[in-house]
Novice: 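My questions will all concern the structure given below.
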Amino acid sequence: MQDDPNNQSLVQPDQVVIDTPPLYLPIEDNMLIGVLDDAERRGQTIRSKLQIDRRSQQNVDFWKGDQVDASKLDARYQSAHVDNVVRQNLENKIKLATGHMPDIFAAPPDRQDYNQEAARDIQQFMRERLDSGTIKRLLKNALRKLDLEFLGVIKVRWDYLAKDFKFELLDGKDILFGEGAKVYEDGYTIDGTDVLFHYAEEPTQQVLNTFKDKATELLQVLGANGKEIPSRIRRTEAHFRWYDQKGECHEGIVWRYGPVILGKMKQPYFDYDNLKINYFEKARKPFILASYCNLGESVYESTTDFEQGIPINRIINRRRRQITEIADRSIPKMVFTGNAMTKEQARNINPSPNEAVILNDTVDDVNKGFATIPATPPNPIMYKDLMDLRGRLNSMFAVQGAVNVEAGRAAGESGVSKQITREGDLVTSDDIMEITVERVVGEMAGWIMQLSRMFYDDDRPPVRITDRDGETEYVKLNRDKIETDIQVVVKASTQDKQTRRADALQMLTAKAIDPYTLIEDLNANNPKERFRRLMAFIKGSASGDFSQYMEIVGIDPNTHMATEQDAARDIEVLSGGQQVAIKLPSEKYVSTFLAF
C-alpha cells in the first residue's frame, strides 16, 4: 500500500459508531484471539498444502517474461529465447471475455407509474456506474489474477469521505481464507467462507489515529524490550462468522495487531434495526470472488489455463533456441589443402561474394586444393513442431482466431474457416462471461443496492447520466426510489461488438436494416446526431440544396463563399497569369468581376 494517510482500503472503525447496540460484538478479546489464531493457522496449512504461493509466483514470473535461466547458457553462442505465448493468449482471452459487458435490468414490483419510473432511474444509474472504464479495468485485472493467482478478490466498501461505494481489487498475498472456504454455485461467492483475513501494511501513525482508544496499548507492544517503533506496521482485518447462544448466525469484523484487539463489531453494512431497508436478506462479508475452474475442494482455482500452458511454452522456448542455434551454425565452410595457402592467408579470406581466392602454383587441380562444405539448415520438422506447439496453446486458451489475425495467417483462410475458428473462440469467452463476469457484476449490483439503501440520503445531489447520444440527464435517487422493492438482474450479453458489426453489415447488404439501427449496431457514438446528418445529406443530394445539412453540421454557407475582397485578389492573380482556387461565388463577387 502507498504511504497515504487518506488510504481507505480497509473499513475504518472510527467512521462507524461501534458502541451502539446493533453493532456490538459480545465476544471476549482473549477468546476471540484464540479462535482467530487457530483459524489463521488452519488457513495457512491449506494454502501451503495447495502450494498457492509457489505456483502463483511461478505464474507471475512467467507472465513477466522471466522464463529462461540465462546463467545456464553459454553466452558465446546461446541466447535466452523467450516466446511468451501464454501471456499473449491470456491477454487475448481476457479481451474476448470482457469485450461486451453484461446487460443490467431493474425489474419493478408492479406496473404502477412510480415504481416503473424508479426502476428506470435505478437501471440507468446501474448501467452508468457498472458499464464504465473503471469497472472494465477492474474486471480485466480480476480475470488476470484469477489465472495467475488462482483467485480474484474484490473488496466492497463505503467511502465515508466521498459518500459513495467503492470496489477495490486486492492482492492475493494479502488475503487468507479459513479452512473449508469454498465458492458455492448458488448465492453470493463469499457466502461459503466462514473466516477471511485481510492483511494491510499502513503507516504506524495512521493506525494510531484510527484506533485512538488502543494507541497506548499498541505503542507498548511495538516498543517492547526497547525496540524502535517502526514507521509502518502490517495489521490484520478478520471477517468471521459466529453463532450466539440462541444459535443465530452473525457476521463480525475485528482489527488486530498481534495480541492487541484494535476494534471489533458486527458487519457494518447491514441495518440490524430496520431490516426492511436492506436489499440483502442477511449480513455478509464485503467481498466478491471471481471463480471459474473450481473442483469444489477449496476457494482457490484447481488449476488455470496459464498454469497448464507453462510446460508447453517452455518447449516452445527451447525449440526456438534450437532452431536459432542451428541456423547460426548453418554457414558454408571453406576447406583448403595445406599446400594451397598458408593458415594466415586462409584466415584473411573475406566471405564477401566479390572476394577472389588465388591458390599457390603447387596446386594443379583447384578441386583438390579447395572445397566447400555445404551448410545444414534446421530440419523442417522442427519448424512444424514449433507451429504445432503454438497451435496447442492457442487452442487451450481458445484464441486461435485472434492470434491468426495478429500473425497475418487469416488472410489465406476462407470466410467459412474464419467464422468456424472465431465461433470456437467465442464459445469459451461466452462461457467465462456467463460463469464469472456475469456473477461478479451481478454481485456488484447487489452491493450497490445494499449500500445505497443504507447510506444514500434524500439531500444527495442528482446523479448525472450521459447516454450514447451525448445527452445528459440528471436522476434524483431519493430514499423512496431506492427502497422500492426493485430487483436488479444481470444477464450476460452473448454477442460481442465485432459480431454485432458483422451482422449489421450483412443486414445492410440484404437491405434488412434501417439507418438508425445500423449506426447503433456499428457502436458509433451519438447515433441520433449521426442519423440527423445522414437524412439531411440524403435530402440535399436529392434536391441539390444542402443548406439544411450545413445548418445541422454547424457551417454557415455565407462564411465559405467568395466575397468582394476575394474577387479583387483573384483579379490581381489572374492578371499576373496565375491560376486561382475556385470557391462558391457570392453576388458581390460576380458584380466585382463584371465591373472589371
Novice: Considering only distance and modelled atom types, tabulate donor-acceptor pairs under 3.5 Å from the side chains of residues 28-36, sequence neighbours left out.
Specialist:
| unit_1 | atom_1 | unit_2 | atom_2 | d |
| --- | --- | --- | --- | --- |
| D29 | OD1 | K264 | NZ | 2.8 |

Novice: How long is the gap from CG on D131 to CD1 on I135, to the nearest 0.5 Å?
Specialist: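 Answer for the CG-CD1 pair, D131 versus I135, is 10.0 Å.
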Novice: Please report the closest heavy-atom contact between I261 and K214, naming both atoms and the distance.
Specialist: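 For I261 versus K214, the nearest heavy atoms are O-CE, 3.0 Å.
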Novice: Tell me, please, which residues at least two apart from D213 pass side-chain contact (heavy atoms from CB on, under 4.5 Å).
Specialist: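 Partners of D213 under the side-chain contact (heavy atoms from CB on, under 4.5 Å) test: none.
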Novice: Will you find, in the side chains of D147 and N59, an N or O donor that is under 3.5 Å from an N or O acceptor?
Specialist: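 The criterion, which ignores hydrogens and geometry beyond distance, is not satisfied for N59 and D147.
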Novice: Are F287 and H239 close enough that their ring centers fall under 6.0 Å?
Specialist: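 Yes, the ring centres sit under 6.0 Å apart.
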Novice: Applying side-chain contact (heavy atoms from CB on, under 4.5 Å), can you list everything that pairs with R319, at least two apart in sequence or on another chain?
Specialist: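 Counting only residues at least two positions away or on another chain, R319 forms a side-chain contact (heavy atoms from CB on, under 4.5 Å) with I315, Q322, I323, M382, D385, L386.
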Novice: Just by modelled atom types, is the T193 backbone N or O under 3.5 Å from a matching donor or acceptor in the R241 side chain?
Specialist: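 The answer is yes, because a donor-acceptor pair under 3.5 Å joins these two groups.
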Novice: I'd like to check the ring pair (Phe, Tyr, Trp, His ring centres under 6.0 Å) partners of F165; sequence neighbours left out, ordered by chain and number.
Specialist: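 Per chain and number, F165 pairs via ring pair (Phe, Tyr, Trp, His ring centres under 6.0 Å) with F167.
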Novice: Using the side chain to side chain donor-acceptor pair (under 3.5 Å) criterion, which residues pair with N294? Sequence neighbours excluded.
Specialist: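 Listed in chain order: nothing, the list is empty.
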Novice: Which donor-acceptor pairs under 3.5 Å do the side chains of residues 177-186 make with protein atoms, sequence neighbours left out?
Specialist:
| unit_1 | atom_1 | unit_2 | atom_2 | d |
| --- | --- | --- | --- | --- |
| E179 | OE1 | R42 | NH1 | 3.0 |

Novice: Which residue pairs pass the side chain to side chain donor-acceptor pair (under 3.5 Å) test when at least one of the two sits in residues 440-455, sequence neighbours left out?
Specialist: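 Checked against side chain to side chain donor-acceptor pair (under 3.5 Å) - neighbours excluded - the pairs reaching residues 440-455 are T189-E443, N278-Q450.
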Novice: Can you list every salt bridge (Lys or Arg N to Asp or Glu O under 4.0 Å) pair that touches residues 252-263, not counting sequence neighbours?
Specialist: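 Listed by first then second residue: D37-R256.
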Novice: In terms of ring plane angle, is the pair Y272 and F270 parallel, tilted or perpendicular, where the classes change at 30° and 60°?
Specialist: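 The rings of Y272 and F270 stand perpendicular, inter-plane angle above 60°.
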Novice: Please enumerate all residues that pass side-chain contact (heavy atoms from CB on, under 4.5 Å) together with T324, with sequence neighbours excluded.
Specialist: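 Testing T324 for side-chain contact (heavy atoms from CB on, under 4.5 Å), a comparison that skips the adjacent residues, returns H81, D328.
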Novice: Under the rule for side chain to side chain donor-acceptor pair (under 3.5 Å), what residues qualify as partners of K145, not counting sequence neighbours?
Specialist: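 Applying side chain to side chain donor-acceptor pair (under 3.5 Å) to K145 gives E149.
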Novice: Could you work out, with side chain to side chain donor-acceptor pair (under 3.5 Å) as the rule, every residue matching R54, not counting sequence neighbours?
Specialist: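 Side chain to side chain donor-acceptor pair (under 3.5 Å) list for R54, sorted by chain: Q51.
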Novice: Here's one to test your reading of the geometry: is the NZ or CZ of R284 within 45 degrees of the ring axis of F280 and under 6.0 Å from its centre?
Specialist: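 R284 over F280 ring: yes.
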Novice: For the residue pair Q58 and W63, confirm or rule out a side-chain donor-acceptor distance under 3.5 Å.
Specialist: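 Side-chain D/A pair, Q58 to W63: absent.
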Novice: K276: which residues meet the side-chain contact (heavy atoms from CB on, under 4.5 Å) condition with it, sequence neighbours left out?
Specialist: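 Listed in chain order: N274.
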